[in-house]
Amino acid sequence: VMMVLVLIVAGLGVVALLMVLFAPHIRKYSAGGACMSMTRLDGKTVLITGANTGIGKETALDLAIRGARVIMACRDVEKGEAAAASIRRIYSKANVEVRELDLADTSSIRAFAQRFLREVNHLHILINNAGVMMCPYMKTKDGFEMQLGVNHLGHFLLTYLLIGLLKRSAPARIVVVSSLAHNFGWIRFHDLLSQGSYNSGLAYCQSKLANVLFARELARRLKGSSVTVNSVHPGSVCSDLVRHSTIMSLLFSLFSLFLKSPRDGAQTSIYCAVAEELHSLTGKHFSDCAPAFVAPQGRKEETAKKLWDASSELLGIVWDD
């Protein structure tokens, strides 16, 4: 037994040593694709949800450096202002502003959109970035399961309210931040809001699949309008998104070397927002700044339409086709 223990400890020691030695190479590999586009965004207006932390904040910084007016829509205005201040410290000419938006409350979304449409004349890029992950069972103000409510329904309503402005500002782009987790998701039409049973991981995967289906169906509906819609998988990013899951937090700590930094994770969102070669590409899914695999359940037009109708009904809205 002693011999086995010694071998295990020695083995772990060798693994640890190798990880230290190869850390720079592992980090470089984990970083994934980078957006190489030099596109400027002077005179352009960008709206990013959940821009006070992680990849949202890094996306805001990058697009501000390109000259855009960046509106950071955040639930916590105080944290948003702190993020905006840190962006200004890095780039003093950054034109960033914070506005309050709680995606877990449709009245907050409507109030935000009303004010936005009153005060902002153009919207060239909308990045639906905010998200919650694997939280315990909770409901939004309107009684929706929290993950589907924030990750999908909140952005669905926000996009609906701003679509006219995006069309008037065309060419415009919509970027929907999804996840590789969509591969493990199924739209449970019989229990969309997880009232019958709830599994935080499966509910998260369902919401991320909903993001992919929404992007594809919206792209189909916007054909010919010069407004493109694409979804992205940012990669496994070292962020506070996993705070609700002890297991995920532990795994993220153990394998932090293999995780992307928020800056690395923001690259695909930035790429879809600015890359010249994507000016007319729509309805696609990207990862590491390249087209990515979409699970079969994320490619079904019938499912996309059914989810669109169910979402519209839950929110009490009717889209103009």
Side-chain angles (χ1 to χ4, degrees), residues 35 39-131 150-151 154-177 211 215 218 227-230 232 234 262-263 265-266 268-274:
C35 176
T39 300
R40 293 289 306 168
L41 295 174
D42 305 281
K44 304 287 188 194
T45 302
V46 178
L47 171 60
I48 307 173
T49 65
N52 61 303
T53 183
I55 64 173
K57 182 181 165 188
E58 291 294 338
T59 305
L61 170 63
D62 184 284
L63 302 187
I65 290 171
R66 292 172 189 268
R69 173 191 184 185
V70 180
I71 295 163
M72 303 163 68
C74 309
R75 184 171 53 93
D76 189 324
V77 174
E78 213 174 303
K79 283 183 182 170
E81 291 294 358
S86 78
I87 287 172
R88 289 186 203 105
R89 277 197 297 276
I90 296 166
Y91 181 63
S92 60
K93 289 187 284 191
N95 183 0
V96 289
E97 60 191 83
V98 177
R99 294 186 178 222
E100 188 179 353
L101 170 67
D102 183 357
L103 288 159
D105 179 359
T106 58
S107 59
S108 168
I109 299 167
R110 288 180 181 278
F112 169 88
Q114 218 168 4
R115 185 184 158 207
F116 192 91
L117 294 171
R118 226 180 18 246
E119 299 171 4
V120 182
N121 301 324
H122 299 283
L123 180 56
H124 304 97
I125 300 166
L126 167 62
I127 302 180
N128 289 332
N129 164 81
V150 169
N151 300 352
H155 284 122
F156 189 90
L157 178 61
L158 179 69
T159 309
Y160 163 79
L161 294 168
L162 299 179
I163 201 70
L165 183 59
L166 282 154
K167 283 178 177 174
R168 290 194 296 280
S169 309
R173 300 186 186 191
I174 299 169
V175 179
V176 181
V177 179
N211 289 151
L218 183 57
V227 180
T228 63
V229 195
N230 292 297
V232 304
R263 186 165 178 262
T268 307
S269 293
I270 296 162
Y271 174 72
C272 285
V274 305

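- Taking 4.5 Å as the limit, some side-chain heavy atom of Val120 sits within range of a side-chain heavy atom of Arg99.
- At least one side-chain heavy atom of Leu41 sits less than 4.5 Å from a side-chain heavy atom of Ile125.
- Side-chain contact between Phe116 and Ile71 is present, with at least one heavy-atom pair separated by less than 4.5 Å.
- Phe112 is listed as a side-chain neighbour of Leu158, based on a closest heavy-atom distance under 4.5 Å.
- Annotation: the span from Lys57 atom NZ to Asn52 atom CG amounts to 9.0 Å, rounded to 0.5 Å.
- Looking at every heavy atom in both residues, Cys74 comes nearest to Ala51 through SG-N, 4.0 Å.
- To the nearest 0.5 Å, atoms CG (Leu166) and CG (Leu161) are separated by 11.5 Å.
- Shown here for Arg66 and Asp62, the closest heavy-atom pair between the two residues is NE-OD1, 2.6 Å.
- Across all their heavy atoms, Pro234 and Ile55 have their closest contact at CB-CD1, 3.8 Å.
- Side-chain contact between Thr49 and His155 is present, with at least one heavy-atom pair separated by less than 4.5 Å.
- A 6.0 Å sphere centred on CD of Glu78 holds no more than 12 heavy atoms belonging to other residues, nucleotides or ligands.
- Under the 4.5 Å side-chain criterion, counting only non-hydrogen atoms from C-beta, Met72 is in contact with Ile87.
- Ser169 contributes a side-chain N or O that, together with a main-chain N or O of Leu123, makes up a donor-acceptor pair within less than 3.5 Å.
- For Arg88 (side chain) and Val96 (main-chain N/O), a donor-acceptor pair under 3.5 Å exists by modelled atom type.
- A distance of 13.5 Å separates CD in Gln114 from CD1 in Ile109, rounded to the nearest 0.5 Å.
- Thr159 and Asn128 share a donor-acceptor pair across their side chains, judged by distance under 3.5 Å alone.
- Judged purely by atom type and a 3.5 angstrom limit, Asn151 has no side-chain atom pairing as donor or acceptor with the backbone of Asn211.
- With Thr268 contributing its side chain and Val232 its backbone, the two residues share no donor-acceptor pair below 3.5 Å.
- How far CD1 of Ile174 is from CD1 of Ile127: 11.0 Å, rounded to the nearest 0.5 Å.
- Looking at Leu101 and Leu103, their side chains come closer than 4.5 Å, going by heavy atoms from C-beta outward.
- For the atom pair Arg115 CZ and Glu100 CD, the distance stands at 9.5 Å (nearest 0.5 Å).
- Leu47 pairs in a side chain to side chain contact (heavy atoms under 4.5 Å, CB included) with only one of the listed residues (Asn129, Leu165, Leu126), which is Leu126.
- Between Ile270 atom CD1 and Glu58 atom CD the span is 7.5 Å, to the nearest 0.5 Å.
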